[in-house]
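Everything below concerns the one structure shown next.
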Amino acid sequence: MNYWLVKSEPVKYSWEKFNKDGRTFWDGVRNYQARNNLREMKEGDLVLFYHSNEGKEVVGIAKVVKEFYQDPTTEDTNWCVVDLSPVETLKKPVTLEQIKADERLKDIGLVRQGRLSVMSLKPEEFDRVIELGS
DNA sequence: GCCAACGTTGGC
DNA sequence: GCCAACGTTGGC
């Protein structure tokens, strides 16, 4: 079991919309590092959902319901998507500020490599965010 | 709206 | 294969 974090701008695709949809394919990844992470995802892996730009907080937990396949929005075989479904909304969203201030989350990809849109998390980082959010 | 970080592109 | 130019992302 692996843990991940994905980013979305709420204006583009928000947690609320995601919950209404119940399931979505995660498209729009056009970065090789992020793409490689997508390909590593296995069905059942848990994924933190982060709102970038607006909010700047982790708002909920999703899970991988289908492993990577060709991105249906492009012919370019370089790119792929995975299917995600919402699992749970955090009682208290965990802000970027909190994450930066937390000793145990210092090394999280979100802080170290701010521009990456799909990143892996260590189990303890995942747990810590959940802890802060409940 | 600005700027820093960083990935990608293209000329050599 | 190097590196400068450029584009994009995302925090502030």
Side-chain angles (χ1 to χ4, degrees):
Chain A
M1 159 87 79
N2 288 307
Y3 299 96
W4 309 92
L5 182 144
V6 296
K7 291 184 184 174
S8 181
E9 298 184 41
V11 177
K12 257 184 71 190
Y13 195 79
S14 69
W15 177 249
E16 289 73 24
K17 175 94 167 44
F18 182 36
N19 272 273
K20 233 172 269 173
D21 290 350
R23 176 180 182 138
T24 191
F25 57 85
W26 203 256
D27 68 329
V29 171
R30 293 293 181 271
N31 167 290
Y32 288 105
Q33 214 181 332
R35 193 277 315 269
N36 291 342
N37 285 334
L38 278 187
R39 289 188 174 174
E40 295 283 311
M41 287 187 184
K42 297 276 178 260
E43 204 173 313
D45 282 357
L46 293 176
V47 182
L48 292 178
F49 193 107
Y50 175 81
H51 274 171
S52 65
N53 279 328
E54 255 177 75
K56 282 170 294 179
E57 56 196 12
V58 177
V59 287
I61 308 165
K63 70 164 186 260
V64 179
V65 291
K66 188 174 179 190
E67 290 173 23
F68 79 94
Y69 56 96
Q70 170 66 34
D71 186 337
T73 65
T74 176
E75 294 292 302
D76 191 337
T77 51
N78 272 321
W79 307 116
C80 62
V81 298
V82 296
D83 282 3
L84 299 178
S85 275
V87 174
E88 197 183 335
T89 303
L90 292 183
K91 283 195 199 71
K92 296 178 292 178
V94 180
T95 64
L96 182 61
E97 206 179 346
Q98 275 178 282
I99 289 170
K100 280 183 170 171
D102 195 290
E103 195 56 40
R104 290 148 74 183
L105 296 173
K106 278 270 167 60
D107 273 339
I108 201 170
L110 192 62
V111 178
R112 281 215 337 269
Q113 210 179 344
R115 292 180 61 236
L116 190 59
S117 59
V118 181
M119 66 194 77
S120 71
L121 294 178
K122 295 181 201 126
E124 56 268 30
E125 290 168 344
F126 181 88
D127 288 344
R128 181 61 180 152
V129 174
I130 302 306
E131 199 181 317
L132 290 172
S134 45

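Just so we're on the same page: letters track the sequence lines, and every chain starts at 1.
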Provide, to the nearest angstrom, the distance between the [atom1] atom belonging to [X] and the [atom2] atom belonging to [N].
{"X": "Leu5(A)", "N": "dG10(C)", "atom1": "CG", "atom2": "P", "value": "11 Å"}
{"X": "Asn78(A)", "N": "dT8(B)", "atom1": "CG", "atom2": "P", "value": "11 Å"}
{"X": "Asn53(A)", "N": "dT8(C)", "atom1": "CG", "atom2": "P", "value": "15 Å"}
{"X": "Arg112(A)", "N": "dG11(C)", "atom1": "CZ", "atom2": "P", "value": "16 Å"}
{"X": "Glu54(A)", "N": "dC12(C)", "atom1": "CD", "atom2": "P", "value": "15 Å"}

Exercise. Between Tyr3(A) and Asp127(A), does any side-chain donor sit less than 3.5 Å from a side-chain acceptor?
Worked result: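 Looking only at side-chain atoms, Asp127(A) and Tyr3(A) do not form any donor-acceptor pair under 3.5 Å.
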Phosphate oxygens OP1/OP2 of [N]: is one of them under 4.0 Å from a side-chain N or O of [X]?
{"X": "Lys7(A)", "N": "dG10(C)", "answer": "yes"}
{"X": "Gln113(A)", "N": "dG7(B)", "answer": "yes"}
{"X": "Tyr50(A)", "N": "dG11(C)", "answer": "yes"}
{"X": "Lys12(A)", "N": "dG10(C)", "answer": "no"}

Problem set entry | Charged tip of Lys122(A) within 45° of Phe126(A) ring normal and under 6.0 Å |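 Not flagged: Lys122(A) not positioned over aromatic ring of Phe126(A).
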Exercise. What is the minimum heavy-atom distance between Pro93(A) and Gln98(A), and which atoms define it?
Worked result: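 Residues Pro93(A) and Gln98(A), closest heavy atoms: O-OE1, 3.6 Å.
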Exercise. Going by modelled atom types, is there a donor-acceptor pair between the base of dT8(C) and the side chain of Arg30(A) at under 3.5 Å?
Worked result: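 Check fails, no donor-acceptor contact within cut-off.
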Problem set entry | Trp26(A) ring center within less than 6.0 Å of Phe68(A) ring center |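 Aromatic pair excluded; centres sit 6.0 Å or further apart.
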